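Note that the coordinates shown come from a computational prediction; the quantities given were computed from them, not determined experimentally.
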Amino acid sequence: MQLKQTLRNQSSFPILFLKPVTTLIGPNAPIVIPRAAQPPEEHLPDYEVELTIVIGKAAKNVSEADALDYVLGYTGANDVSFRKHQMAVSQWGFSKGFDNTNPIGPCIVSANAIPDPQVIPLKAVVNGQILQDGSTSDQIFNVRQTVAFLSQGTTLEPGTIILTGTPKGVGFVRKPPIYLKHGDEVRVSLGNGIGTLVNPVVEEESAPKL
């Protein structure tokens, strides 16, 4: 599951969308820009450092007060997003659902070791340039609110992972825009022992001519 912290709609509901498991890759695996999102300068592949919640026991209709009791631990993620597709429609699942585009890791830190998940530093670095430097304290919807909201009428099974949104500094709003391209290296770092994901960027090769 994915819960965006960057925007609220007029009813103050968080923006929710699902991601296929095929998006997930390891903390050092290549991020693949698919043929459907090339050339990069038109489709604007973008980086997003995000705290990720790992649910430890079945959660349904939990209160904000009890929400952290259902969290096994926390890890990190880079929610690579393709802005051309994202901005074209109101549903973000397609733009964030391409195979091999969502690094996660590098480890899960126990919730017991992070009693306050709202003080975790977040940083994104592309080719040695710091582009995001924030904290989970900036979240519009905090971890307690996130878990409580998502569990309304829906069971969050153990092992469910929830990405929680990204701080300022993403590439497509910069002037000029910054986008990921073949040969780039993206590092996203999270504090409190979670660590750093280091991922090269590659473009999916075109189908061979027959």
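- Remark: S135 engages S137 in a side chain to side chain donor-acceptor pair (under 3.5 Å) (not counting sequence neighbours).
- The CD1 atom of I120 sits 4.5 Å away from the CG atom of N192 when rounded to the nearest 0.5 Å.
- The closest side-chain heavy-atom distance from Y74 to T52 is not below 4.5 Å.
- Taking the side chain as every heavy atom from C-beta outward, V201 and V126 never approach each other to under 4.5 Å.
- In this structure, K96 and T23 have side chains that are not in contact, with every pair of non-hydrogen atoms separated by 4.5 Å or more.
- Residues satisfying the side chain to side chain contact (heavy atoms under 4.5 Å, CB included) test with N199, not counting sequence neighbours, are I25, I31, P103, L197.
- With sequence neighbours excluded, the residues forming a side chain to side chain donor-acceptor pair (under 3.5 Å) with D66 are S63, listed by chain and number.
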Output a table of donor-acceptor pairs, distance under 3.5 Å, between side-chain atoms of residues 179-186 and any protein atom two or more places apart or on a different chain; print 'none' if there are none.
| unit_1 | atom_1 | unit_2 | atom_2 | d |
| --- | --- | --- | --- | --- |
| K181 | NZ | D184 | OD1 | 3.2 |
| H182 | ND1 | E203 | N | 3.1 |
| D184 | OD1 | N127 | ND2 | 2.9 |
| D184 | OD2 | K181 | N | 2.9 |
| E185 | OE1 | R187 | NE | 3.0 |

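- Hydrophobic clustering (ILVMFWY, side-chain heavy atoms < 4.5 Å, transitive): V71 and L16 are in one cluster.
- Heavy-atom minimum distance, Y47 versus A124: CD1-CB, 4.1 Å.
- Aromatic rings from F82 and F98 are positioned such that their centres are separated by under 6.0 Å.
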As a quick check of understanding, evaluate side chain to side chain contact (heavy atoms under 4.5 Å, CB included) for T160 and L150, giving each step before the final call. CA-CA 11 Å; T160 297; L150 290 177; over 6 Å; no
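- Here A58 pairs with T155, P158 under the side chain to side chain contact (heavy atoms under 4.5 Å, CB included) rule; sequence neighbours left out.
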Yes or no on side chain to side chain contact (heavy atoms under 4.5 Å, CB included) for I161 and T75, after CA distance, side-chain angles and deciding distance? CA-CA 9 Å; I161 57 175; T75 189; 5.7 Å; no
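- Taking CG of L72 as the start and NZ of K57 as the end, the distance is 11.0 Å to the nearest 0.5 Å.
- Contact of the D99 side chain with the V32 side chain is not registered, since no non-hydrogen atoms from C-beta on lie closer than 4.5 Å.
- When V80, V188, V170 are each tested for a side-chain contact (heavy atoms from CB on, under 4.5 Å) with E48, only one passes: V170.
- Expressed to the nearest 0.5 Å, how far NE2 of H43 lies from CZ of R35 amounts to 13.0 Å.
- Taking all atoms of both residues into account, the shortest heavy-atom contact from S151 to A59 is CB-O, 3.8 Å.
- With sequence neighbours excluded, the residues that form a side chain to side chain contact (heavy atoms under 4.5 Å, CB included) with D116 are Q118, V119.
- Between T136 atom OG1 and D138 atom CG the span is 8.0 Å, to the nearest 0.5 Å.
- Side-chain contact between I178 and L131 is present, with heavy atoms from C-beta onward closer than 4.5 Å.
- Across every non-hydrogen atom of L44 and F172, the tightest pair is CD1-CB, 4.3 Å.
- For the pair G105 and I194, the tightest heavy-atom approach, listed with the atom from each and the gap, is O-CG2, 4.2 Å.
- Applying the salt bridge (charged side-chain N to carboxylate O under 4.0 Å, His left out) definition to pairs two or more places apart or across chains, none involves residues 165-179.
- With sequence neighbours excluded, the residues forming a side chain to side chain contact (heavy atoms under 4.5 Å, CB included) with A148 are E64, listed by chain and number.
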Go through it in stages, so that I can follow the logic: the residues are V49 and K123, the test is side chain to side chain contact (heavy atoms under 4.5 Å, CB included), and I'd like the CA-CA distance, side-chain angles, deciding distance and then a yes or no. CA-CA 7 Å; V49 57; K123 184 178 293 185; 6.0 Å; no
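- The two residues T196 and S189 make their nearest non-hydrogen contact at OG1-OG, 2.8 Å.
- A77 and L163 get closest at one heavy-atom pair: CB-CD2, 3.7 Å.
- Linking Ile, Leu, Val, Met, Phe, Trp and Tyr whenever their side-chain heavy atoms come within less than 4.5 Å leaves V202 and I104 in two separate clusters.
- Between L122 atom CG and D133 atom CG the span is 9.0 Å, to the nearest 0.5 Å.
- L51 and F149 end up in the same hydrophobic cluster when Ile, Leu, Val, Met, Phe, Trp and Tyr side chains are linked at under 4.5 Å.
- For D46, the side chain to side chain donor-acceptor pair (under 3.5 Å) partners at least two apart in sequence or on another chain are R83.
- With sequence neighbours excluded, no residue forms a side chain to side chain donor-acceptor pair (under 3.5 Å) with N28.
- Taken to the nearest 0.5 Å, the CD1 atom of I114 stands 11.0 Å off from the CG atom of L68.
- Using a 4.5 Å cut-off on side-chain heavy atoms (C-beta onward), Q139 and T146 make no contact.
- V125 belongs to a hydrophobic cluster whose other members, connected by ILVMFWY side-chain contacts under 4.5 Å either directly or through intermediates, are I130.
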